[in-house]
Amino acid sequence: MYGLVDCNNFYVSCERVFNPLLKGQPVVVLSNNDGCIIARSNEAKALGIPMGAPLHLYKKLIDQKNVFTYSSNYTLYGDMSARVMDSLNYFVPDMEIYSIDEAFISLKGFNLNSLVEEMSDIRKLIYQWTGIPTSIGVGPTKTLAKLANKIAKKYTSNGVYIVTISDQLTQILDDMKLEDIWGISKGWGARLRSIGINTPLQLQQSDPCQIRKLISVVGERIVYELRGNSCLQLEEVVNKKTITVSRSFGNMIDDKDDLKKALANHVVRAAEKLRYQDSLCSGIHIFINTNRYRKQDLQYSNGAMINFDEPIDNTVEIINESFKLLENIYRSNYNYKKIGVVLLGLKQNKKNVIENTYIIQSNLFTLNQNLSNNSKKSDVCMKLFDDINSRMGKKTLFYGSQGMQKRSKKIKQKADKWSMRSCYKSPSYTTKWNDVLKVY
DNA sequence: TCTGGGGTCCTAGGACCC
DNA sequence: TCTGGGGTCCTAGGACCC
């Protein structure tokens, strides 16, 4: 079983820890430059203030109803998040920090009969230690744990809900909207409806291959996950693959030197994050935008990218490179609203590779060299995969190459057959060597 | 001159998430 | 007048290789 622990109205709850008078009051937290509303207390939600709304559209209501507004304080939220995660980790060793206010936990070894009580205790103690209220949803897959969490937040008094494969789940899925399911947003919801799938229940009971054709393998996995067939595992150690730092300006900027100052600041922060996770970047991307909401203004947005010969983590070097890129894309006579930098191709700085990975890698390399003429590489690979699967005790790996799926009709049919087999055998599969190495 | 199978690697763009 | 910031994954398609 998986659990999802989610902090309630996290940013607002953080503010309340340091100002208890806010309890029971409508409170919102604002984005950078106080532009948008990015967190709301239940009382503010009840007033009809939506998530992400521009502040100026709700200023009147906020003043009328005496809603407390706070500028965001990410340092505080990050710190509080770490406290919550540490507390949770005290009870549950296997966890994946999914976002600043959410973590998936593995409940292997927990007694199912007393799960509600145990989860309630965890909630109580996290609240006692950090002052942050949480909700916990439990289910046989991550997707169902997410769903359970939603129910826990909305409909329970103890903040805990457990979903099992049962008639009750069928009822829940029938009552909910497609967009209530983790991973299904407006776009995909509309596409699903266009083929007659209107509820999560219908999605659960649909043909996975059909769903895959409609909304890719991501959708296919959702079908399996809704059936209680787990496709998404806990990912405990996650190093970021890209690091972005960008900000909108309070006032618009047209001067190149001012842009450079902002860019340099962003790079400094990005490089800090980079070194914090002990990585090097092999390239950077920078971008600038005018204000897209000001239709009356001339619009311009552009980006530029560079790859380095050797990966680096030195702030000054990255700043110099980013300035060179800025020269390429900067145009005078525009009012700029935003600038940002993205560090790309992040690599582990210190060599820290598990031995097993080397073994498999060397197997794959020798495979390339030792193929006899009448043995197809894919066949040999499949055997190797089977070997990995049996040794790992997982029947989850599947190999199909990207190249094969787009060659010709003939091949396409073959690839479809393979994917059907993979659906049948196991919903989780990989098309990339690196994924195999990671799993192994 | 035309036609195959079987692949790797990379990128842009479009989804989705909090 | 005022409209956030930071991520992930997947797919299609091109360049290239034998």
Side-chain angles (χ1 to χ4, degrees), chain A residues 4 6-7 9-11 29-39 50-59 71-72 74 77-78 81 97-103 142-143 146 179 181-191 212-222 232 235 238-252 266 269-270 273 283 285 287 289 291-296 303 305 307 337-346 364 368 371 373 376-379 381 399-408 410-411 414-415 429-435:
Chain A
L4 178 70
D6 190 323
C7 303
N9 312 328
F10 183 56
Y11 296 166
V29 174
L30 307 172
S31 65
N32 187 41
N33 298 327
D34 293 349
C36 288
I37 294 156
I38 54 170
M51 176 68 181
L55 176 62
H56 66 96
L57 293 182
Y58 289 86
K59 192 83 181 103
S71 299
S72 45
Y74 288 103
Y77 309 149
S81 171
I97 298 173
Y98 178 67
S99 72
I100 193 163
D101 69 337
E102 276 176 76
K142 280 178 154 183
T143 305
K146 265 279 197 186
E179 285 82 358
I181 305 299
W182 185 40
I184 307 241
S185 186
K186 263 194 210 159
W188 284 5
R191 264 199 244 178
R212 179 196 201 140
K213 277 177 192 144
L214 194 72
I215 53 173
S216 90
V217 68
V218 180
E220 184 187 9
R221 283 189 200 127
I222 293 174
L232 306 169
E235 290 172 30
V238 190
N239 262 6
K240 293 199 173 33
K241 292 166 182 168
T242 61
I243 291 172
T244 307
V245 176
S246 68
R247 288 285 176 283
S248 297
F249 305 122
N251 301 314
M252 302 219 267
H266 296 349
R269 295 205 34 206
K273 291 185 185 181
H285 173 227
F287 57 90
N289 300 126
N291 188 342
R292 65 196 160 112
Y293 295 103
R294 286 182 60 94
K295 302 288 183 210
Q296 68 272 35
M305 211 165 66
N307 287 313
K337 180 66 179 169
K338 185 173 182 178
I339 189 164
V341 60
V342 188
L343 308 185
L344 305 162
L346 270 42
L364 292 175
N368 270 328
L371 283 188
N373 287 336
K376 269 195 291 179
K377 186 180 173 186
S378 53
D379 289 344
C381 286
Y399 170 68
S401 85
Q402 283 183 303
M404 285 195 43
Q405 292 177 13
K406 58 186 183 190
R407 277 305 157 206
S408 63
K410 220 168 153 190
I411 297 297
K414 196 169 152 196
Y429 72 102
T430 177
T431 55
K432 292 202 173 164
W433 292 115
N434 285 344
D435 292 349

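Chain letters run A, B, ... following the sequence lines, proteins first, then strands; residues in each count from 1. Note that these values count all heavy atoms, side chains included, but never hydrogens, waters or copies made by symmetry.
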Novice: Under 4.0 angstrom, heavy atoms only, what part of the nucleic acid is A:Ser72 near: base, sugar-phosphate, or nothing?
Specialist: nothing
Novice: I'd like to know if A:Glu235 pairs up with A:Lys142 as an ion pair, taking the criterion as any Lys NZ or Arg NE/NH1/NH2 lying under 4.0 Å from an Asp or Glu carboxylate oxygen.
Specialist: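 No, this pair does not count.
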Novice: Quick check on C:dC2: is either OP1 or OP2 less than 4.0 Å from any side-chain nitrogen or oxygen of A:Arg294?
Specialist: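 Yes.
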Novice: Need one value for A:Asn33: base, sugar-phosphate or nothing, where a base atom within 4.0 Å counts as base even if backbone is also close, heavy atoms only.
Specialist: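 It contacts nothing in the nucleic acid.
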Novice: For a quick check of understanding: with a heavy-atom distance under 4.0 Å over all strands, which category does A:Tyr74 fall into, base, sugar-phosphate or nothing?
Specialist: nothing
Novice: Any base atoms under 4.0 Å from A:Lys338, or only sugar-phosphate, or nothing? Heavy atoms, all strands.
Specialist: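 Sugar-phosphate, backbone atoms only, no base.
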Novice: Among C:dC10, C:dG7, C:dT8, which nucleotide has an atom closest to any side-chain atom of A:Ser216?
Specialist: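 When the side chain of A:Ser216 is considered, C:dC10 is the closest of C:dC10, C:dG7, C:dT8.
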Novice: Side chain of A:Val245, heavy atoms from C-beta onward: which of C:dG4, B:dC18, C:dG6 has the nearest atom to it?
Specialist: C:dG6
Novice: Could you work out which one of C:dG4, C:dG7, C:dG6 sits closest to the side chain of A:Arg247?
Specialist: C:dG6
Novice: So does A:Phe249 get a backbone contact from the side chain of A:Lys337, meaning a donor-acceptor N/O pair under 3.5 Å?
Specialist: yes
Novice: Name the nucleic acid region contacted by A:Ile184, choosing base, sugar-phosphate or nothing; use a 4.0 angstrom heavy-atom cut-off, strictly under.
Specialist: sugar-phosphate
Novice: On DNA chain C, compare the nucleotides closest to A:Gly52 and A:Gln296; which residue's is nearer the 5' end?
Specialist: A:Gln296
Novice: Would you indicate what A:Asp101 reaches in the nucleic acid, counting non-hydrogen atoms under 4.0 angstrom: base, sugar-phosphate, or nothing?
Specialist: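 It contacts sugar-phosphate atoms only.
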Novice: Of the listed nucleotides (C:dT3, B:dC18, C:dG7), which one gets closest to any side-chain atom of A:Tyr293?
Specialist: C:dT3
Novice: Taking only the side-chain heavy atoms of A:Ile243 (C-beta and beyond), determine which of B:dC18, C:dG7, C:dG4 contains the nearest atom.
Specialist: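 Of all the options, the side chain of A:Ile243 is nearest to C:dG7.
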Novice: Quick one: label A:Leu57 by what it contacts on the DNA or RNA (base, sugar-phosphate, nothing), any heavy atom closer than 4.0 Å.
Specialist: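 No contact at all - A:Leu57 keeps every heavy atom at 4.0 Å or more from the nucleic acid.
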Novice: Where the side chain of A:Pro54 is defined as all heavy atoms beyond and including C-beta, which of C:dT3, B:dC17, C:dG4 is the nearest nucleotide?
Specialist: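 Given the options C:dT3, B:dC17, C:dG4, the side chain of A:Pro54 is closest to C:dT3.
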Novice: Check whether more than 12 heavy atoms from other residues, nucleotides or ligands sit under 6.0 Å from atom CG of A:Asn239, and answer yes or no.
Specialist: yes
Novice: So, for A:Lys273 and A:Thr244, which heavy atoms are closest and what is the spacing to 0.1 Å?
Specialist: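 Shortest heavy-atom separation between A:Lys273 and A:Thr244 comes out as NZ-O, 4.0 Å.
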Novice: What is the distance from CD1 of A:Ile37 to P of C:dC2, rounded to the nearest Å?
Specialist: 17 Å
